[in-house]
Q: 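Following this message is one structure expressed as structure tokens.
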Amino acid sequence: MAQQETRQQGDGTLPVDDEGYIVDTEDCEERERAHRERGTSRPITVVGNPVLHKECKDVTEFGDELAQLVDDMFASQRTAEGVGLAANQIGVDLKVFVYDCPDDEGVRHTGVVINPVLQELPAERRVLDDSNEGCLSVPTAYAALARPDYAEVHGQDVHGNPVKVRGTGYFARCLQHETDHLYGYLYIDRLSKRDRKDALRQMAEGTPRYETVPND
């Protein structure tokens, strides 16, 4: 798709295409590195931590504190070797997620969404993909979970500008997964009781490869 204007040149705002969706596939390496080099990696909260099990607060202030949070989230995501991270996964009760995720064609997408809202798909567009899913907050566990293979999220960027993000395949799964986090849902909450129990067993038997926050 054709690329149009950048809303605020030079301040990190992404360009949009001719349909109004952000272009998040350009300069991914440079943008991700800049964020994490400014940020500080934080430990990851895990299932059972109260911050993961409630809807997060809307972001209402767009300034240096939010920008620093985003930088810390990119740093934390890289340390944990994740492809997406929600703010409550580092203990912050705000509707923010970042991502650095490939789609099924191997195209890398990197960006941030503030106050995301997942758009409802019409029935004719709901083609389900039942691939395996994992979560940094349920370390070492995986389970098959059916989700639509296309997702669209509307929200804001770090300056408060409206943004639209869309993705297919694995990236669509990431967008849905991270938005779920900010409304208090883990992917295991969408599993059958048996599969959820199995995922928690996998977690109990595994050893996380990154620092986590112990649940008191």
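These numbers were taken from a predicted model, which means no experiment stands behind them.
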Q: Please indicate whether E30 has more than 12 foreign heavy atoms, meaning atoms of other residues, nucleotides or ligands, lying under 6.0 Å from its CD.
A: yes
Q: Would you say V96 and V70 make side-chain contact, with heavy atoms under 4.5 Å?
A: yes
Q: I would like to know whether I90 and I44 meet side chain to side chain contact (heavy atoms under 4.5 Å, CB included); could you show each step before the answer?
A: CA-CA 5 Å; I90 56 169; I44 304 297; 4.1 Å; yes
Q: Following the transitive rule for hydrophobic clusters with a side-chain heavy-atom cut-off under 4.5 Å over Ile, Leu, Val, Met, Phe, Trp and Tyr, establish whether V213 and V138 coincide in one cluster.
A: no
Q: Quick check for you: to the nearest 0.5 Å, what is the distance between R196 atom CZ and L145 atom CG?
A: 13.0 Å
Q: I'd like to check D180 versus L186 (side-chain heavy atoms, cut-off strictly below 4.5 Å). Are they in contact?
A: no
Q: Between CG of L121 and CG of L118, what distance do you get to the nearest 0.5 Å?
A: 7.0 Å
Q: Any link between L69 and V158 through a network of hydrophobic side chains (Ile, Leu, Val, Met, Phe, Trp, Tyr) touching at under 4.5 Å?
A: yes
Q: Sequence neighbours left out, what passes side-chain hydrogen bond (donor to acceptor under 3.5 Å, both in side chains) with T179? Give chain and number order.
A: none
Q: So, R209 side chain and A80 main chain: donor-acceptor pair closer than 3.5 Å or not?
A: yes
Q: For residues G39 and A75, report the shortest heavy-atom separation together with the two atoms involved.
A: C-CB, 3.9 Å
Q: Would R108 and E29 pass as an ion pair if we require N to O under 4.0 Å?
A: yes
Q: Has the side chain of R173 got a donor or acceptor atom that lies under 3.5 Å from a matching backbone atom of D129?
A: yes
Q: Would you name the heavy atoms of Q176 and Y150 that are closest together and state the gap between them?
A: NE2-O, 4.4 Å
Q: Under a 4.0 Å N-O cut-off, is there an ion pair linking D17 with R166?
A: yes
Q: Do you know which of V112, D71, V59 makes side chain to side chain contact (heavy atoms under 4.5 Å, CB included) with L66?
A: V59
Q: For the pair E37 and H35, evaluate side-chain hydrogen bond (donor to acceptor under 3.5 Å, both in side chains) and give the outcome as yes or no after the intermediate values.
A: CA-CA 6 Å; E37 288 181 350; H35 278 298; over 6 Å; no
Q: In Å and rounded to the nearest 0.5 Å, what is the CG to CG distance from L14 to D27?
A: 9.5 Å
Q: In Å and rounded to the nearest 0.5 Å, what is the NZ to CG distance from K57 to N88?
A: 12.5 Å
Q: Flag the pair R38 and D72 as a salt bridge only when some basic side-chain nitrogen lies within less than 4.0 angstrom of an acidic carboxylate oxygen.
A: no
Q: Side-chain heavy atoms nearer than 4.5 Å, only ILVMFWY residues, links allowed to pass through others: does that put L191 and L200 together?
A: yes
Q: Side chains of E55 and K95, heavy atoms from C-beta outward: is any pair under 4.5 Å?
A: yes
Q: To the closest 0.5 Å, what do you measure between CD (E152) and NZ (K164)?
A: 6.0 Å
Q: If we ignore angles and hydrogens, is there a donor and acceptor under 3.5 Å between the side chains of D100 and T110?
A: yes
Q: Ignoring hydrogens and geometry, is there a side-chain-to-backbone donor-acceptor pair from H181 to L52 under 3.5 Å?
A: no
Q: Measure across T168 and D103 and return the closest heavy-atom pair with its distance rounded to 0.1 Å.
A: O-CB, 4.0 Å
Q: If you count heavy atoms of other groups shown closer than 6.0 angstrom to CD of E120, is the number above 12?
A: no
Q: Taking it one step at a time, do H159 and F62 satisfy ring-ring contact (aromatic ring centres under 6.0 Å, His included)?
A: CA-CA 6 Å; H159 307 290; F62 297 81; 8.8 Å; no
Q: Under 4.5 Å between side-chain heavy atoms, hopping through other hydrophobics if needed: is there a path connecting F171 to I22?
A: yes
Q: Does E133 come within less than 4.0 Å of R147, counting only side-chain N to carboxylate O?
A: yes
Q: Identify the two heavy atoms, one from A86 and one from F97, that lie closest to each other, and give their separation to 0.1 Å.
A: CA-CB, 4.0 Å
Q: Flag the pair H109 / P102 as yes when at least one side-chain heavy-atom distance between them is below 4.5 Å, and no otherwise.
A: no
Q: Kindly check if the number of other-residue, nucleotide or ligand heavy atoms within 6.0 Å of OH (Y185) is above 12?
A: no
Q: Give me the atom names and distance for the closest heavy-atom approach of Y210 to P139.
A: OH-CB, 3.3 Å
Q: Could you pull out all residues at least two apart from Y99 that satisfy side-chain hydrogen bond (donor to acceptor under 3.5 Å, both in side chains)?
A: D24
Q: Quick one about Q68 and D64 (side-chain donor to acceptor, distance below 3.5 Å, no hydrogens or angles considered), yes or no?
A: no
Q: Tell me if a side-chain donor or acceptor on D195 pairs with a main-chain N or O of S192 at a distance below 3.5 Å.
A: no
Q: Are the side chain of N215 and the backbone of V47 linked by a donor-acceptor contact shorter than 3.5 Å?
A: yes
Q: Does this structure show an ion pair linking R31 with E26, if we count only N-O contacts that are shorter than 4.0 Å?
A: no
Q: Does the side chain to side chain contact (heavy atoms under 4.5 Å, CB included) test come out yes or no for Y170 and S131, once each step is laid out?
A: CA-CA 9 Å; Y170 187 52; S131 297; over 6 Å; no
Q: Got a second to check how far L136's CG is from T79's OG1, nearest 0.5 Å?
A: 10.5 Å
Q: Assess the side chains of Q89 and S137: does a donor N or O sit below 3.5 Å from an acceptor N or O?
A: yes
Q: If you link I, L, V, M, F, W and Y whenever their side-chain heavy atoms are under 4.5 Å apart, who else ends up in the same group as L128?
A: none
Q: Checking side chain to side chain contact (heavy atoms under 4.5 Å, CB included) for the pair R33/F74: CA distance, chi angles, key distance, verdict?
A: CA-CA 8 Å; R33 182 171 61 248; F74 272 105; over 6 Å; no
Q: Hey, quick one: are V51 and M73 part of the same hydrophobic cluster, counting side-chain heavy atoms closer than 4.5 Å, chains of contacts allowed?
A: no
Q: Identify the heavy atoms of D93 and C56 that sit nearest to each other, and give their distance.
A: OD1-CA, 3.0 Å
